[in-house]
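First listed ligand is number 1; within each ligand, the first listed atom is number 1.
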Amino acid sequence: MEDILRRITYLRKEIERHNALYYNENNPEISDSEYDSLVKELKHLEDESPIFALQNSPTKKVSGFASSTFSQVEHQVPMLSLDNTYSKEEISKWYDRIVKKLPNEKIEFVIEPKIDGLSASLIYVDGLLRIGATRGDGQIGEDITENIKTIKDIPIRLGIEAPPTLFEVRGEVYINKTDFENLNKLMLENGEQKFANPRNAASGSLRQKNPYITSLRNLRFFAHSFGKIEGKSFDNQTEFLKFCKKCSFYLQDDLKRTNSLDEIFKFTDFILNKRELLNYEIDGLVIKVDDFLSQKKLGYTNRSPRWAIAFKFPAKQATTKLDKVRVQVGRTGIITPSAILEPVGLAGVIISHATLHNFEEIERLNVNEGDTVLVERAGDVIPKIVKVVRKNSEGFFKAPKKCPSCDSDIVKENEEEVAYRCINPDCPAQFRRHLIHFVSRDAMDIEGFGTSLIDQLLNNGKIHAISDIYHLTYDDFIGLSLFKEKKANNIVKSIMLSKSRPLSKLIFALGIRHVGQKTSEIIAEKFNTIDSIFKASLEDFKTIPEIGEVLAVSLTDFFKNPSVCRVINALKVVGVNMLEPAKEKAGSIFYNKTFVLTGELTNYTRDEASKIIKSLGGKISSSVSKKTDFIFTGENAGSKILKAKELNIKIIKEAEFEKMLV
Ligand code: IVH
């Protein structure tokens, strides 16, 4: 019993502390779901041991308070909170309870996304905005009228004729995702702390002493409920929302009215899938009984209405310990730190890694191994560290002075760059990354050539250069771990198949700085062959509209590097394709045209020229006939030229051929 009381007291204190951090300082230490689970545990203990229940327990009142920075506004109708749950099962129970309590009614529900912002009450007298207030503790809020008036979504005058004499609309002040990111960037640039989430950003921006600052923050507003109204009445939420729209308020696009639990869950799944596509944060759905008479019958507790419930989505934030900072060497030698975390459940999965971006970010976060951190995972994005919650170490983790792979010096190329780099071109870690990239799906796409295979081949000394991949044989694989006959045969086949990838894939696989897939395709389509690329000048690259100065310099530097030339030659020797097949063959001058090759060409072997022609949709024939369109001739051509002249067939030399290629 004593233990229970001790736990209850601890939980109350802890919840009040987090309330202050969240509502007053806009700087929470824990995620919403961690907070909700503290409240849930306290509620459970109080229900089990009612003798310890207190009227002013955080489970029984609306959290938050009105600070003394602003003058106070007493709410005519209390601004309550919502009960919440994360489970379908509890929603189902809530639904059953309502249906049971109102057995003679056909209950319709309205479902609205739950906006992650802060609630505000707006009082219009005879259609004119008079007071704007925060929720505060639900009874007393802060007067933020001047700040509210800076929000463009909020009409100063209701957009209808004959407005109600008194109209208190309530809704959510929020900041959209783009503005949130931009605001946080700005905060950092000004040496201020980032906001942990959009709610805190909205709250911090709205509760400013100087309304001018609020006006710069691009806050927005969605209407979702009301307080006191005189001179107008509504039958249900749907009607109320329609009226708000008429008054020029914004409503969310995704609203649903239904009487079926099944439909409620379908809508939940729909919104959950759409969550990342919305440009504002939502943390769940609010399910409300539509009809106001039914709402009245269901009533309220001190804290929340019985006719509504928040169905919260899995948390995107959690707190955990940063066990270790791992330092890795990338393909271009950039040293990147990442975080190894004590495993924690987040948005439905257990995570144990988070990105740390770069060493500047580590310094900004002032984070080091051993610290307790708040991590966040949005959509499929790799989790990131939002902030340090508890410092268990000294200072922040520093960039190493030596490369963790080859022990060469690490340099910061210039002060503007945030990247630290290992500049040893023979760094084994960089080569390993190169290999991983070269064989990857979007590059040469060698199926089955995974990281563990690469590590084994490197350890056995089977690969020293990229082209070594194409010298590997069945015998090189059969001894490796997890490689039996079938797998060894398959990988040999995959390697062989990859030789015929289009030039664009090869360019991408080479891992040229700033050159992604799209640019690789543009270059390959423009130049068609690797030899033309080697011949291209800085100016040639710059004539391509999609290629700017930085990219053009990067490309020229890359292709004039003798070791690149060696790599390409080695790949040519093993038979890797160096041509780009025509994408829109029908549009090419080669399309469906028959070519006869004769004489000795200087820049190409006959075989190479044939491949180029075929890749562009042309055909090759060995004899001249009426069907021949072009004779492609080199030095010392023989009788074919005479016949071509007889038949009036166009004769082209290498220079003309090359012009046709561009
Ligand atoms: S209806 C009695 N609808 O969630 C409260 N609230 O956790 C009626 N919220 O204080 C509120 N989106 O600030 C309602 N579509 C929505 C909402 C919403 C966000 C906020 C609101 C409320 C809090 C409760």
Element-labelled atoms of ligand 1 that are located less than 4.0 Å from some non-hydrogen atom of Ser119: 10 (O), 13 (O)
Protein heavy atom at shortest distance from atom 23 (C) of ligand 1: Lys114 NZ, 4.0 Å
Parallel, tilted or perpendicular: rings of Phe243 and Phe167 (30°, 60°): perpendicular
Asp371/Lys321 salt bridge by N-O under 4.0 Å criterion: no
Protein contact of atom 13 (O) of ligand 1 - nearest heavy atom, named by residue and atom, plus distance: Glu172 OE1, 2.7 Å
For Val286, atoms of ligand 1 separated by under 4.0 Å from a heavy atom: 3 (N), 15 (N), 16 (C), 17 (C)
Ligand 1 to Lys288 polar contact by distance, N or O atoms, under 3.5 Å: yes
Where Glu342 and Thr320 come nearest, the two heavy atoms and their spacing: O-OG1, 2.6 Å
Nearest neighbour in protein (non-hydrogen) for atom 15 (N) of ligand 1: Glu112 OE1, 2.9 Å
Among Phe249, Tyr250, Tyr280, the one residue meeting ring-ring contact (aromatic ring centres under 6.0 Å, His included) with Phe222: Tyr280
Atom 17 (C) of ligand 1 - nearest protein heavy atom and its distance: His224 CD2, 3.4 Å
N or O contact, Arg135 vs ligand 1, cut-off under 3.5 Å: yes
Which of the ligand 1 atoms, numbered from 1, are nearer than 4.0 Å to a heavy atom of Pro305: 2 (C)
Pro113 N/O to ligand 1 N/O under 3.5 Å: yes
Of the listed options Leu118, Leu82, Val110, closest to atom 24 (C) of ligand 1 (non-hydrogen atoms): Leu82
Within the 6.0 Å centroid threshold, strictly below: Phe109 and Trp94: yes
Closest protein heavy atom to atom 12 (N) of ligand 1, given as residue, atom name and distance to 0.1 Å: Ile115 N, 3.1 Å
Arg217 bridged to Asp179 by N-O distance under 4.0 Å: no
Parallel, tilted or perpendicular: rings of Phe234 and Phe226 (30°, 60°): tilted
Spacing of Leu188 atom CG and Gln193 atom CD [to the nearest 0.5 Å]: 9.5 Å
For atom 5 (C) of ligand 1, closest protein heavy-atom neighbour: Leu80 O, 3.7 Å
Salt bridge present between Lys106 and Glu108 (N-O < 4.0 angstrom): yes
